[in-house]
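A note on names: the letters A, B, ... follow the listed sequences, proteins ahead of strands, and every chain is numbered from 1.
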Amino acid sequence: MTSPGEFYQRDRMWHPPAYDKDYKTSVSRSPQYSLISLQNSISEVTGPVFGHNDVDPLDKDLIFNYAKSGESAIGERIILHGRVLDENARPVPNTLVEIWQANAGGRYRHKKDTYLAPIDPNFGGCGRTITDENGYYYFRTVKPGAYPWRNWVNDWRPAHIHVSVFGHAWTQRLITQIYFEGDPLIETCPIVNTIRDKAAIGQLIAALDRNATIPLDSIAYKFDIVLRGRRSTLFENRLEGN
Amino acid sequence: MTQTLDYLKETASQTAGPYVHIGLAPGAAGFDIYREELGWDIAGPNAKGERIRVEGLVIDGTGSPVKDVLLEAWQANADGNHAHPEGGGDVEDGFRGWGRVITDFATGEWGFDTVKPGRCPGRNVGMQAPHINLWIVARGINVGLNTRLYFEDEPEANAADPVLGLIEWERRRATLIAKRTERDGQIVYRFDIRLQGDGETVFFDI
Ligand SMILES: [Fe+3]
């Protein structure tokens with residue numbers, strides 16, 4: 001008889017380090033001391049629970065969720081879909097997935113974004129959904145534009161969608177960015193390159209998925225998200241109590 | 001050749017960036033889109049226990065407040081139970097134990113209202129002191145930072161807490177203890193988080 005135990009440790013060589021002088025903002029925002037390693041307690045193997053009451057069906061359609069009646073967002077229409085899995089390749093059902101992004105011109109609807117590209121009056125730039133019982137999620141949106149940012153003098157972010165996922169435990173909490181297959185800006189981006197392992201970067205690039213396109217309507221990209229997996233304890237090794 | 005293990009790799013983290021508010025707190029980005037934004041009510045109206053407010057700054061290595069942070073909190077209720085199937089027991093109707101909060105764009109101050117959590121079981125033996133797990137993301141933070149807030153007025157529980165006890169340097173333990181004050185009849189705990197430099201907060205790999 002096996003029972004659920006703690007989560008596999010995070011591979012810190014696979015994730016970006018806190019400090020990377022080529023991503024300049026990280027320099028003063030990176031802790032200098034080592035992280036203190038903590039074995040999971042009840043406070044870490046639990047986490048917030050979300051349900052379908054927390055979101056509305058339209059929340060996942062960014063083409064329409066902020067558009068005036070009869071109008072829609074401008075840009076290349078895409079379906080972004082995939083599964084949330086854990087490291088044991090098991091689906092993570094009923095978990096909250098939230099995304100945010102720039103519009104097709106590379107401009108964010110944010111009072112701090114002053115890029116000269118125009119705001120799209122029909123595009124908010126955020127969406128959210130709950131994975132189904134198979135861990136599956138999908139959004140409809142427009143492909144975001146690349147945008148310049150202040151790091152080196154002439155840095156441009158590749159097209160990307162920010163994504164936030166919870167899983168079922170506090171240890172699984174993750175925010176990352178989704179890039180798009182074939183984008184030449186990925187290779188030179190200082191934020192992408194905070195990740196040292198090429199395979200880890202590859203895992204952040206959504207694949208063009210022709211099978212999931214809607215003909216004459218939307219092109220599709222597939223992006224699976226993997227959260228930390230959980231150990232099965234074969235022998236008694238209780239996480240809690242005494 | 002050996003057999004191949006068929007585990008997947010965890011998706012690598014990337015910074016939440018400066019516009020995290022659009023996705024997780026759109027009202028703060030300047031627009032209204034959802035029926036209800038998530039994470040603004042941690043304890044709900046029915047929660048028992050002491051009502052408290054938690055406030056602080058996140059301070060960078062130059063000593064400046066970080067003004068584009070998003071923090072998330074995860075905590076037990078006053079009985080020490082988490083709102084989760086493995087959370088140890090029942091919680092009040094409407095108690096979520098989870099919240100998110102952003103810093104003020106001008107000052108960097110953040111704060112949230114909740115109830116003071118109770119003690120919950122430790123990993124193998126004993127009880128943990130009351131604490132709130134905090135997760136911090138921002139532009140310039142490549143992987144979200146995990147820390148814990150403990151309470152100044154729980155000296156005995158803190159002294160026996162297995163996590164605080166893991167921190168070998170007593171001076172650094174102090175970075176996790178929130179200071180209790182009272183303002184207009186309300187209990188306010190002050191918890192400044194230092195990302196780097198003098199008094200750097202203890203962060204955990206959980
Ligand atoms: Fe961005």
Side-chain angles (χ1 to χ4, degrees), chain A residues 10 14-16 18 25-26 28-33 35-39 41-49 54 56 59 65-66 85 87 89 98-100 108-113 124-126 162 164 170-171 173-177 191 194-195 200 203-204 225-228 239-242, chain B residues 6-19 21-24 26 29-31 33-35 38 60-62 66 74 82-84 86-88 96-98 120-126 128 133 135 137-145 163 166-167 195-196 200 202-206:
Chain A
R10 192 160 250 172
W14 181 258
H15 285 278
T25 320
S26 76
S28 65
R29 296 183 172 192
S30 42
Q32 303 293 291
Y33 287 107
L35 301 175
I36 303 226
S37 299
L38 214 58
Q39 291 182 288
S41 78
I42 198 167
S43 322
E44 286 82 35
V45 300
T46 58
V49 175
D54 287 318
D56 289 331
D59 290 352
N65 70 6
Y66 195 70
L85 303 168
E87 289 173 291
E98 297 163 289
I99 63 169
W100 68 99
Y108 281 101
R109 182 177 289 279
H110 192 291
K111 48 187 169 194
K112 295 283 180 189
D113 188 0
C126 60
H162 298 264
S164 160
W170 195 243
T171 54
R173 190 79 181 86
L174 181 74
I175 282 181
T176 189
Q177 301 184 28
I191 289 179
T194 57
I195 300 173
Q203 203 181 356
L204 298 184
I225 298 162
V226 181
L227 303 180
R228 288 167 68 183
L239 290 181
E240 55 183 275
N242 45 20
Chain B
D6 57 1
Y7 296 109
L8 303 178
K9 291 293 287 185
E10 186 192 13
T11 302
S13 171
Q14 291 266 266
T15 178
Y19 305 124
H21 318 91
I22 294 173
L24 307 187
F31 66 108
I33 184 165
Y34 295 137
R35 167 172 48 92
L38 298 169
D60 73 13
T62 74
V66 182
W74 175 240
H82 288 84
H84 184 275
E86 296 174 54
R96 267 208 144 144
W98 169 76
C120 68
R123 181 186 158 81
N124 286 313
V125 291
Q128 304 189 68
N133 283 37
W135 188 69
V137 294
R139 177 171 68 105
I141 294 178
N142 290 327
V143 187
L145 295 168
V163 170
L166 266 180
I167 305 165
L195 298 178
Q196 191 187 90
E200 180 179 306
V202 169
F203 297 104
F204 296 105
D205 191 17
I206 65 171

_Contacting region of B:Arg96 [heavy-atom separation from chain A under 4.5 Å]_ = side chain
*Side chain, backbone, both or neither: which part of B:Ala83 has a non-hydrogen atom closer than 4.5 Å to chain A?*
backbone
To the nearest 0.5 Å, what is the distance between [atom1] ([X]) and [atom2] ([Y])?
X        : Y        : atom1 : atom2 : value
A:Thr25  : B:Asp60  : OG1   : CG    : 10.5 Å
B:Glu200 : A:Gln32  : CD    : CD    : 6.5 Å
A:Ile36  : B:Phe204 : CD1   : CZ    : 6.0 Å
B:Ile22  : A:Lys111 : CD1   : NZ    : 11.5 Å
A:His162 : B:Tyr19  : NE2   : OH    : 9.5 Å

Considering all heavy atoms of both residues, which atom of [X] and which atom of [Y] are nearest to each other, and what is their separation?
X        : Y        : value
B:Glu10  : A:Gln203 : O-OE1, 3.6 Å
B:Ala29  : A:Arg109 : CB-O, 3.9 Å
B:Ile141 : A:Arg29  : CG1-O, 4.0 Å
B:Thr11  : A:His15  : O-CE1, 3.5 Å
A:Ser26  : B:Asn142 : CB-ND2, 4.2 Å

*Where does the angle between the aromatic ring planes of B:His21 and A:His110 fall among parallel (under 30°), tilted (30 to 60°) and perpendicular (over 60°)?*
tilted
*Give the ring-plane orientation class for B:Phe31 versus A:Tyr66, where under 30° counts as parallel, over 60° as perpendicular and anything between as tilted.*
perpendicular
*With A:Ile42 as reference, evaluate B:Glu86, B:Gln128, B:Arg123 under the side chain to side chain contact (heavy atoms under 4.5 Å, CB included) test and give the passing residue.*
B:Gln128
*Which atoms of A:Ala18 come close to chain B, meaning under 4.5 Å heavy atom to heavy atom: side chain ones, backbone ones, both, or neither?*
backbone
